[in-house]
Amino acid sequence: MFSHPIPTPEELLSHSRFLILGGGTSGVSASKLLLSLGRETILVDKNPPQGNEKDYSKVFAESDGEKAVSLSDFLIKSPGISPNHPILNLAQQKGIPVLSEIALGRVFYKGLLVGITGTDGKSTTTALTYHILKSEYSNSRIGGNIGVPFTSFCRENLNLVVLELSSYQLEDSPDLSVDVSAILNLAPDHLERHVSMENYARAKWKIISSNPKAHVFLNRKVLDYISAETFSDTVCHKHFVGEAGGVLIEEEGLKISSPKYQYNLTKFPLKGKHNHMNLCFAIGIAETLGMAPSSIEAAYESFEGLKFRFEKMKFPNVEKDFENFTFINDSKSTNLHSLLSGLSGFKKGDSVYLILGGIPKEEPLDPLLNKLKELQICVWVYGTAVSKWKEELSKLDLPIFFLENLGQTISHLKTYLIEEGGRMFHVSGSKRDGTILFSPACASFDQYKNFEERGRDFEKKISDSFSELN
């Protein structure tokens, strides 16, 4: 359905009536673009929007989808819509072309395109790569799955765009002709939609251009999910990150070496092995696009990271008993692979107080159990994860507590630290220290709208509980 090439602007605009399937941010953006080009847009959505009908020529509920299809000659699909949606099947039966919102943006964008995907770290790596490149490419933009639709700026006269691309966006798209792409990692995720890791990996692999002049940066473990035939058919330049001949971390984490330069890793503000690997990818991309190593190093020194991605929180009024503590808000952690990446920066003996919770993904729990045994840390679990994980986690000989919600969890955690946790602390003089790590490893939807709302709630509750002003 999505295998046809990207049309030219002239081919696309030979159509006059576009059905927009899915009225979220991507759908609104696609419609605004097409309306600005004098085309009619027809929205079909499960819950037709109230008050913003101005963003479309016509608005239909899904129950009227057949009528909407009959009025259309082209369909633009939002990434959240299942590929098996009946309206897509109907459009296919009628021979109506289908294009994703990302591919629609590619129709009009003519500059250099960098695309980044992976299971974890793609938002941070996208932002980091853009932060580095914009010092060289001042006329540039960042967008895609990071929250800014490609179609909202694809007609601007830009010389560089960096896109975060999800499996949903890639699954829906033909060859996007990405000049430099990256697949950071792969682990089980979104299998409720993709069904199998093979399908999920195949969607991610679509980020790679068929142009032999293009470049792709890979973690070699990605190949565990890709057939040898698929790999051998990939004709663009392939670079493996994290191994000799590529970009890799050396000298006990103090340097990043590339074929061109040895970078000082201590100048990079973000901590954790996963963030250092993200920097390896960003460096490789920037070098490929012609940036001087000295300029790359100067640029990454000022990168501050993204909210709720292993974010070190700042509390100027924290209680004196806890002023030596580190508080990390990693609400973006929605699967075990992400959590384990964050935990990789800790070792046995570190005083870590881990908070998990939400709706677990369908993935094996053994890697987490093994990591907790290795680190010997304290764990709090809340929400739906309690019923899913309690039996297995309770078998560990560790302090593990099960609560109903995040508020109860933080209250219990503080009480534990004050009354019972002395044996787990490191002590600096009369001050205790440790790391309170909120890395839920679960989806947020049992108690929150999204990971951002969850992250803000954690920030507020920690501030309320640990501030000396309260």
Side-chain angles (χ1 to χ4, degrees), residues 1-12 97-118 122 125-126 129-130 132-133 136-137 139-145 150-151 153-167 169-184 186 201-220 222-223 225-241 245-247 258-260 281-291:
M1 184 183 299
F2 304 104
S3 60
H4 55 280
I6 299 284
T8 66
E10 293 74 23
E11 289 169 340
L12 182 87
V98 177
L99 208 61
S100 67
E101 180 267 337
I102 285 288
L104 175 61
R106 192 67 178 106
V107 170
F108 296 99
Y109 175 65
K110 302 305 178 187
L112 285 169
L113 182 62
V114 174
I116 295 170
T117 194
K122 55 186 179 292
T125 308
T126 300
T129 302
Y130 173 69
I132 293 171
L133 289 172
E136 186 88 5
Y137 295 86
N139 190 24
S140 58
R141 292 288 296 267
I142 183 173
N145 193 58
F150 191 20
T151 47
F153 58 82
C154 62
R155 296 184 70 214
E156 295 178 15
N157 185 25
L158 303 169
N159 55 18
L160 176 78
V161 165
V162 182
L163 295 179
E164 177 189 337
L165 295 169
S166 71
S167 60
Q169 291 169 320
L170 291 165
E171 175 187 55
D172 292 344
S173 299
D175 186 350
L176 294 170
S177 298
V178 177
D179 295 292
V180 186
S181 59
I183 306 178
L184 309 178
L186 285 179
R202 189 182 298 119
K204 294 288 193 182
W205 199 257
K206 290 183 71 175
I207 197 173
I208 301 175
S209 174
S210 60
N211 183 345
K213 295 182 179 180
H215 295 259
V216 60
F217 288 83
L218 300 163
N219 180 322
R220 188 174 288 274
V222 166
L223 301 186
Y225 304 103
I226 296 295
S227 70
E229 181 181 9
T230 298
F231 179 71
S232 62
D233 288 343
T234 302
V235 297
C236 73
H237 300 282
K238 297 180 280 288
H239 309 271
F240 290 102
V241 174
V247 186
S258 78
K260 294 184 178 181
F281 278 93
I283 286 172
I285 292 168
E287 286 189 349
T288 298
L289 290 172
M291 278 193 72

Do [X] and [Y] come close enough that some side-chain heavy atom pair is under 4.5 Å?
{"X": "M291", "Y": "I132", "value": "yes"}
{"X": "N145", "Y": "L163", "value": "no"}
{"X": "L170", "Y": "L176", "value": "yes"}
{"X": "I207", "Y": "I116", "value": "no"}
{"X": "C236", "Y": "I208", "value": "yes"}
{"X": "C154", "Y": "R106", "value": "no"}
{"X": "N159", "Y": "L112", "value": "no"}

Open item on the list: Under the side-chain contact (heavy atoms from CB on, under 4.5 Å) test against L218, which residue among I183, V241, L186 passes?
Closed with: I183
Heavy-atom closest pair, residues [X] and [Y]:
{"X": "G245", "Y": "P259", "result": "O-CG, 3.5 Å"}
{"X": "F217", "Y": "T288", "result": "CZ-OG1, 3.1 Å"}
{"X": "I142", "Y": "F153", "result": "O-CE2, 3.8 Å"}
{"X": "E287", "Y": "K260", "result": "O-NZ, 3.4 Å"}
{"X": "G111", "Y": "D179", "result": "O-OD2, 4.0 Å"}
{"X": "G144", "Y": "I102", "result": "CA-CD1, 4.3 Å"}

[X] side chain vs [Y] backbone, donor-acceptor pair below 3.5 Å:
{"X": "E164", "Y": "G143", "result": "no"}
{"X": "E11", "Y": "T8", "result": "yes"}
{"X": "Y109", "Y": "V161", "result": "yes"}

Kindly compute the distance separating [atom1] ([X]) from [atom2] ([Y]), expressed to the nearest 0.5 Å.
{"X": "F150", "Y": "L165", "atom1": "CZ", "atom2": "CG", "answer": "9.0 Å"}
{"X": "K238", "Y": "L223", "atom1": "NZ", "atom2": "CG", "answer": "9.5 Å"}
{"X": "T234", "Y": "W205", "atom1": "OG1", "atom2": "CH2", "answer": "4.5 Å"}
{"X": "S181", "Y": "K204", "atom1": "OG", "atom2": "NZ", "answer": "12.5 Å"}
{"X": "D175", "Y": "S209", "atom1": "CG", "atom2": "OG", "answer": "4.5 Å"}
{"X": "L160", "Y": "L289", "atom1": "CG", "atom2": "CG", "answer": "6.5 Å"}

Open item on the list: Is it the case that the side chains of K122 and T117 hold a donor-acceptor pair, with the cut-off being a distance below 3.5 Å and no angle test?
Closed with: no
Task: T230-S227 side chain donor-acceptor pair, cut-off 3.5 Å - done: yes
Task: Crowding at CG, N157 (>12 non-hydrogen neighbours, <6.0 Å) - done: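 Check fails, neighbour count at 12 or below.
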- [ ] Can you label the angle between the F231 ring and the F240 ring as parallel, tilted or perpendicular, going by 30° and 60°?
- [x] tilted
Open item on the list: Any carboxylate oxygen within less than 4.0 angstrom of a Lys/Arg side-chain nitrogen, looking at K206 and E171?
Closed with: no
TODO: Kindly determine whether Q169 and S100 satisfy side-chain hydrogen bond (donor to acceptor under 3.5 Å, both in side chains), including the steps that lead there.
DONE: CA-CA 7 Å; Q169 291 169 320; S100 67; over 6 Å; no
- [ ] Take V178 and V114 through the test side chain to side chain contact (heavy atoms under 4.5 Å, CB included) and record every step on the way to the result.
- [x] CA-CA 6 Å; V178 177; V114 174; 5.6 Å; no
- [ ] Could you please spell out the steps behind the side chain to side chain contact (heavy atoms under 4.5 Å, CB included) verdict for L12 and L104?
- [x] CA-CA 9 Å; L12 182 87; L104 175 61; 3.5 Å; yes
Open item on the list: What verdict does the side chain to side chain contact (heavy atoms under 4.5 Å, CB included) test give for L184 and F281, after you've listed the backbone C-alpha separation in whole Å, the side-chain angles of each residue and the deciding distance to 0.1 Å?
Closed with: CA-CA 8 Å; L184 309 178; F281 278 93; 3.5 Å; yes
